[in-house]
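Everything below concerns the one structure shown next.
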Amino acid sequence: MPETVTLLIEPVPAVEVAPDLAATMREVDAVAPALRVGELSTQRGDGVFETLAVIDGHAQETGPHLERLRNSALICDLPEPNLAQWRAAIDRAVAALPGNGEWALKLVLSRGVEHGPAPTAWLHAARANDFTAVREHGVAAVTLDRGFAHDAAERAPWLLLGAKTLSYATNMAALREARRRGADDAIFVSSDGYVMEGPTSSVILRHGEVYSTPAPSGAILHGTTQQSLFEHLAATGRATAYRDIPIAELGTADAIWLVSSVRLAVGVTRLDGASVAYDAAETRAFDDYLRSPRD
Ligand code: PLP
């Protein structure tokens with residue numbers, strides 16, 4: 001069984017019922033050249049992506065990830081992706097991977113080559129990092145100013161804030177800054193004083209019996225893991241809320257989690273150098289749920 005699977009995909013229009021979807025994708029060697037030099041994904045980060053987990057042979061939350069890919073493409077004026085084609089690509093990759101272990105499967109849709117005729121698309125699956133230690137022991141985080149107000153998306157839609165674009169250089173810079181400050185991860189806060197998200201995760205807080213997460217204003221990415229966890233919490237009788245969360249509430253929370261598709265839920269143990277309340281048992285319960293097959 002391979003350790004990676006890479007498929008180059010010829011995007012078919014969303015409205016087209018392609019007779020033979022298998023013929024629109026081909027497996028390539030991940031370490032051999034596959035993209036053209038003029039690719040706008042590499043030159044300008046001009047494209048969108050999704051990363052989903054494959055756990056013990058099951059692609060997690062495929063529907064919500066594909067819906068978000070469609071939404072990101074819409075925000076970026078990219079051609080609407082054909083979700084049946086992407087689903088076929090995911091199925092093909094999953095069938096080629098070993099049926100156990102955790103894998104990160106990335107979907108990329110770029111504007112293609114400058115002045116070129118069509119977008120470029122590919123899928124790449126590789127073994128996920130081992131997150132056992134951080135799931136068990138949590139992470140130290142720092143708050144970092146995102147540099148704009150929490151309503152920036154409505155005032156400046158060209159920032160493409162609600163889209164999962166390939167332009168992640170600032171998110172990666174925030175992670176490096178967190179490490180420089182002796183932490184593992186970051187929580188972005190808006191310039192007008194609200195909690196936003198991590199550079200690669202959503203933030204969930206618990207105060208007493210109530211779980212809250214920043215309202216999906218368009219300035220943050222609406223996380224599939226957070227939504228799945230909130231559905232699970234609601235289904236098991238717990239109270240959940242989407243709201244604007246002032247930064248001060250990070251200091252009064254009974255627990256803070258960073259959640260994302262591949263790392264799953266990790267608890268925050270330290271924030272800006274100070275210890276914060278940490279719930280190891282509930283984090284374990286979240287990760288048990290998140291590892292279960294979810295569609
Ligand atoms: N917010 C940002 C900026 C992200 O990059 C991610 C995931 O990479 C998330 C939130 C969490 O999204 P998901 O749970 O769908 O992985």
Side-chain angles (χ1 to χ4, degrees), residues 45 47-55 59-72 75-76 86 90 102-108 124-126 128-129 131 134-135 139 141 143-148 150 152-153 159-178 184-190 194-205 211-233 240 242 245 256-266 268 283 286-287 289-292 294-295:
V48 297
F49 77 105
E50 280 298 319
T51 304
L52 55 99
V54 178
I55 300 183
Q60 301 283 66
E61 299 281 329
T62 302
H65 279 286
L66 290 179
E67 278 308 323
R68 194 170 61 188
L69 184 76
R70 190 211 308 262
N71 190 47
S72 295
I75 293 172
C76 295
W86 282 103
I90 293 169
E102 297 188 23
W103 304 80
L105 191 155
K106 190 166 178 172
L107 315 175
V108 182
H124 178 67
N129 291 335
F131 292 115
V134 280
R135 287 177 190 157
V139 290
T143 51
L144 294 180
D145 187 347
R146 190 74 168 104
F148 47 72
H150 78 300
L159 293 179
L160 308 174
L161 294 176
K164 197 167 168 71
T165 73
L166 291 169
S167 316
Y168 259 51
T170 55
N171 302 48
M172 297 300 107
L175 288 177
R176 290 195 298 277
E177 178 62 21
D184 311 297
D185 211 329
I187 295 179
F188 282 134
V189 294
S190 64
Y194 294 96
V195 177
M196 300 189 86
E197 63 185 343
T200 62
S201 60
S202 309
V203 180
I204 297 176
L205 283 73
Y211 300 81
S212 20
T213 197
S217 65
I220 60 174
L221 194 73
H222 202 178
T224 60
T225 316
Q226 172 272 315
Q227 290 174 76
S228 172
L229 208 44
F230 268 31
E231 278 164 25
H232 170 68
L233 288 168
T240 60
Y242 285 100
I245 302 175
I256 305 170
W257 290 277
L258 299 177
V259 306
S260 52
S261 294
V262 180
R263 191 174 61 174
L264 307 180
V266 299
V268 175
T283 307
F286 281 0
D287 283 326
Y289 163 70
L290 292 171
R291 267 192 299 265
S292 67
R294 292 176 291 123
D295 287 319

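The figures here come from the full heavy-atom set of this structure, side chains too, leaving out hydrogens, waters and symmetry mates. Both ligands and their constituent atoms are indexed starting at 1 by order of listing. Sequential numbering from 1 along the given sequence is applied to the chain's residues. Nothing here was measured: the structure is a model prediction, and the numbers come from that model.
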*Heavy atoms only: give me the nearest T170-R146 pair and the separation to one decimal.*
OG1-NH1, 4.2 Å

*May I ask you to check whether R68 has an N/O atom sitting below 3.5 Å from an N/O atom of ligand 1?*
yes

_I'd like to check which ligand 1 atoms, numbered from 1 as shown, lie under 4.0 Å from a non-hydrogen atom of S201._
1 (N), 2 (C), 4 (C), 6 (C), 9 (C), 10 (C), 11 (C)

*Where is the nearest protein heavy atom to atom 14 (O) of ligand 1: which residue, which atom, and how far?*
T225 OG1, 2.5 Å

*May I ask you to check whether Y168 has an N/O atom sitting below 3.5 Å from an N/O atom of ligand 1?*
yes

*asked:* Side chains of T213 and L205, heavy atoms from C-beta outward: is any pair under 4.5 Å?
replied: no

_Which of the numbered atoms in ligand 1 are under 4.0 angstrom from any heavy atom belonging to E197?_
1 (N), 2 (C), 3 (C), 10 (C)

*What are the atoms of ligand 1, with element, lying closer than 4.0 Å to any heavy atom of S261?*
13 (P), 14 (O), 15 (O), 16 (O)

*Considering only protein heavy atoms, which is closest to atom 8 (O) of ligand 1, and at what distance to one decimal place?*
K164 NZ, 2.8 Å

_Using the side-chain contact (heavy atoms from CB on, under 4.5 Å) definition, which of the options L166, V108, L107, L69 pairs with V48?_
L69

*Return a yes/no value for T224: is any of its N or O atoms, backbone included, closer than 3.5 angstrom to an N or O of ligand 1?*
yes

*asked:* So that I know where these two stand, are H222 and Y242 an aromatic pair - ring centroids less than 6.0 Å apart?
replied: yes

*Salt-bridged, D287 to R263, with N to O below 4.0 Å?*
no

*asked:* Polar contacts were defined as any N/O atom of the residue lying under 3.5 Å from an N/O atom of the ligand; does this apply to H222 and ligand 1?
replied: no

*Would you say the side chains of H65 and T224 form a donor-acceptor pair under 3.5 Å?*
yes

_Strictly distance-based, threshold 3.5 Å: is any side-chain N or O of D295 a donor or acceptor partner for the main-chain N or O of E61?_
no

*Nearest to atom 11 (C) of ligand 1 by heavy atom, P64, S228, S202: which?*
S202

